Amino acid sequence: MYASVIVQISSKNVDRLYTYKIPDHLKDKIQPGSRVFVSFGPRMIQGFVIEVSQHTDLDPSKIKEIQKVMDIEPVLTKELIELSKKLADYYVERHIKVIEAILPAALKMKSKSVLKLSNEASLEAVNQFKQFHNDKINVKNLTMDDLKLLIPFINSKDIYEEKEFEQHTKMKTRRGIESNYLDARPSSRAVKQIELLELVENKGPMTYESIEEEGYSIGIINALVDKGFCKKIDILVERDPFEGRVFYEDKKKVLTDEQARAFKAINQSIQNNTHETFLLHGITGSGKTEVYLQVIEEVLNRGENAIMMVPEIALTPQMVNRFKSRFGDDVAVMHSMLSHGERYDEWRKIREGRARISIGARSNVFAPFDNIGCIIIDEEHESTYKQNERPYYHAREVAKWRAEYFNCPLILGSATPSLESYARSEVNVYKRLELTKRPTNQTLPTPEIVSMSKEREAGNTSIISRNLDMKIRDRIEKDEQMILLLNRRGYANFLVCQNCGHVPMCPNCDISLTYHKSNASLMCHYCAYEEPMPHACGVCGEHDLSLRGTGTQKIEEVLRDTYNVDIVRMDIDTTRQKGAHEKLLKQFEEESVPILLGTQMIAKGLDFKNVTLVGVLNADTILNLPDYRANERTFQLLTQVSGRAGRGDIKGEVVYQTYNEDHYAIQLAKNNNYREFFLREMEFRKLARYSPYYFHILFTVSSENIEDVIKASSDVHKEIQNHVSKSSIIIGPSPSPIERIQNKYRFQIILKYKSEPELFDVLHKLDTKYSINYQKTKTALRIDVDPEYIM
DNA sequence: AGCACGCCGACT
DNA sequence: GTCGGCGTGCTC
């Protein structure tokens, strides 16, 4: 028996299968998907079995044996292995990288070097070794002087080096006891001991904590152990990220006609075991979640599993709570803020069948269920579903492949679907289901557009228009709450010298530095470069520096000064800590803080009954980005954030402040006319030959040397040109919108194509060429298939 | 990725 | 003559 193994070395050179012999004693333990330990060249490494076969054409003398199997159950299912191959091919990625993305990081191996004394060591070596008071020495802890003393013995083989491997994350254990199940009992006078012994025998092994909770002291435990009735053991415990939280039961709701129609259509696909993609297009507050919940219930009833995707789990605590309340312990939560260990625990719950629903962000699409009954992607248009580092996969695409494999429905939900998905529903590739009403019959608020240029003309230079100011004061007076959105973090956008016009720039990137007041510094949002706020202009030396543009930090101050009320601010800077999102939202809700101010992270999914006003302070920030999806993103953001208002009994109001009051993205968001926006935007996409009319691939060449970048990008261009048909369009090479990041110059090429069956072979060849040449030239080529941002 | 092999220049 | 630079090639 032979196993084809992919080794855990992330290099293009070894990105292929290696054949190992399966020793007899491991025959029944090794399957495709097993994590194994093999000798590779001079060292031992971890690998994954991809195939098992009876024969091999290789020279038998070359084949080594598998050393060890790491898990009882294979970590990858057959389906996940197939999926990993497909992903590696489509996203031009090495197979092992994809496998690493599929599995929790905790399964990576960490090795350390230790020194050990050989059996035939000389007396001198033994004496030297004794200085370190251990039977093995961790090389990491040695000083240079220590090493100098030991090296002669290593050379003479008295002391040898060994690599020790440990799981990145250990399973968490607690001290506890287990009964030895003796027939004998403690003496009848030791009442407490007898009680505890019986408890442990009935319940099985118990941790010290749980025993103490039952009211028995450490003394009783020790007595049982001393007399031999019980033994001390380590008990595996699961880390529970939701420890201490109480979930209230969430009752199943009666569906509206529209919801019921949607449910019925999806249920049909579930019952018939057919794959179908549904686009659940429902206005904000139309009760998409209730449809999801009932669909999942149906799937669970059939003994199948469900994957629930949310854009960013930290931002949707209300959704998670609702799932936990409805389905209890059946839910595993894949949280980006979880520690490696916690993530691994949740993963094991799924793999071992102890959880039946998995809810989480992007990587949750790889939840290792072996019997998926439905996959739901909420807010399917969100760009966070696309990973912006390697591998550059899109969770929507992965979900589609998995749903096809399991013959189950894929449900894409959104109030503002991506143009791609809606376009597919227009031609019936996806089945569209519409929810046009809110179940509680609250009407959607009608946003007002305030022209900021007119405000300026009228002499109002504040960032708050007179109209919005009036509404804010009104809400404060009535004790109602409001959400204000400013899509720009930091204090001021940039600093400018009034005298010479100089703007401090990042020395590593072609971007102006952002002023952060909290630490009185200028920061680069691209490379984390930071310098203290200067007192004088670095060019002309004048002290006439002025702050331009406004970030959330500054607005917070302005609001506090103007209205003299409490404010909850949510942006990357205030939510970096674990649990910060929840804490801030809880504060907003429970303490009735009048204003929630934040960047786009506050636009999604929040449901607060007392919020009656939403203000978008600058609707143009995204609109002005050099990206063809800028209109779409603006429309989506405005629609999403408007949906936060008027979720209670009082009708909500929404204000958009903008300098582009006539822009169709803003006008149509105001009228809540998705369809009209779709048609308008499709015209533009068709003319400019963008997605969904064409597929895109973004090539980015980067290097510290600009000449190398120019040379390499023209080479890439030529290579693509030679291998695509006339119907494809190649744009560039041209400098990327941000020409330099972290001291690297960047050029990009955009390929637009409709069908190029042989393209992917060429892409893999290009990738191989550049990754192998990288050592020499330091010129990197990044290939992003279906890019989410073209910048 | 990491390591051995091998071919050139600079030095004891 | 030998030490060490790093280009090349290989790992079942």
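Just so it is clear, the structure is predicted and the values come from calculations on it, not from any experiment. Note on naming: letters A, B, ... go to the chains in the order of the sequence lines (proteins, then strands), and numbering restarts at 1 for each one.
- Note on Y20(A): only backbone sugar-phosphate atoms sit closer than 4.0 angstrom, heavy atoms only; bases stay farther off.
- Across all strands shown, D59(A) has no heavy atoms under 4.0 Å from either base or sugar-phosphate atoms.
- A distance below 6.0 Å separates the ring centres of H696(A) and Y628(A).
- Among the heavy atoms of the strands lying under 4.0 Å from R16(A) is at least one base atom, whether or not backbone atoms are also near.
- Residue contacts shown for I63(A) are limited to sugar-phosphate atoms, with no base heavy atom under 4.0 Å away.
- Residue contacts for S39(A): at a heavy-atom cut-off of 4.0 Å it reaches the sugar-phosphate backbone alone, with no base atom in range.
- For residues 68-89 of chain A, the set of pairs meeting the ring pair (Phe, Tyr, Trp, His ring centres under 6.0 Å) definition, not counting sequence neighbours, is empty.
- The pair R396(A)-E380(A) meets the salt-bridge criterion, since a charged nitrogen lies less than 4.0 angstrom from a carboxylate oxygen.
- Under the 3.5 Å distance criterion, with hydrogens and angles disregarded, no donor-acceptor pair is assigned to the side chains of S39(A) and Q67(A).
- Here the C1' atom of nucleotide dA1(B) and the NZ atom of K97(A) are 12 Å apart, to the nearest Å.
- Taking the six-membered ring where the residue is Trp, W401(A) and Y91(A) present tilted rings, their angle falling between 30° and 60°.
- With rounding to whole Å, Y18(A) atom OH is found 13 Å from dA1(B) atom P.
- First and last contacts of DNA chain C with chain A, using any nucleotide atom under 4.0 Å from a protein heavy atom and ordered 5' to 3', fall at dT11(C) to dC12(C).
- Contact check on D89(A) versus K86(A) returns no salt bridge, with no Lys/Arg side-chain nitrogen under 4.0 Å from an Asp/Glu carboxylate oxygen.
- As a whole-Å value, the separation of R43(A) CZ from dC3(B) P is 6 Å.
- The residue S10(A) sits close only to the backbone: its heavy atoms come under 4.0 Å of sugar-phosphate atoms, none of a base.
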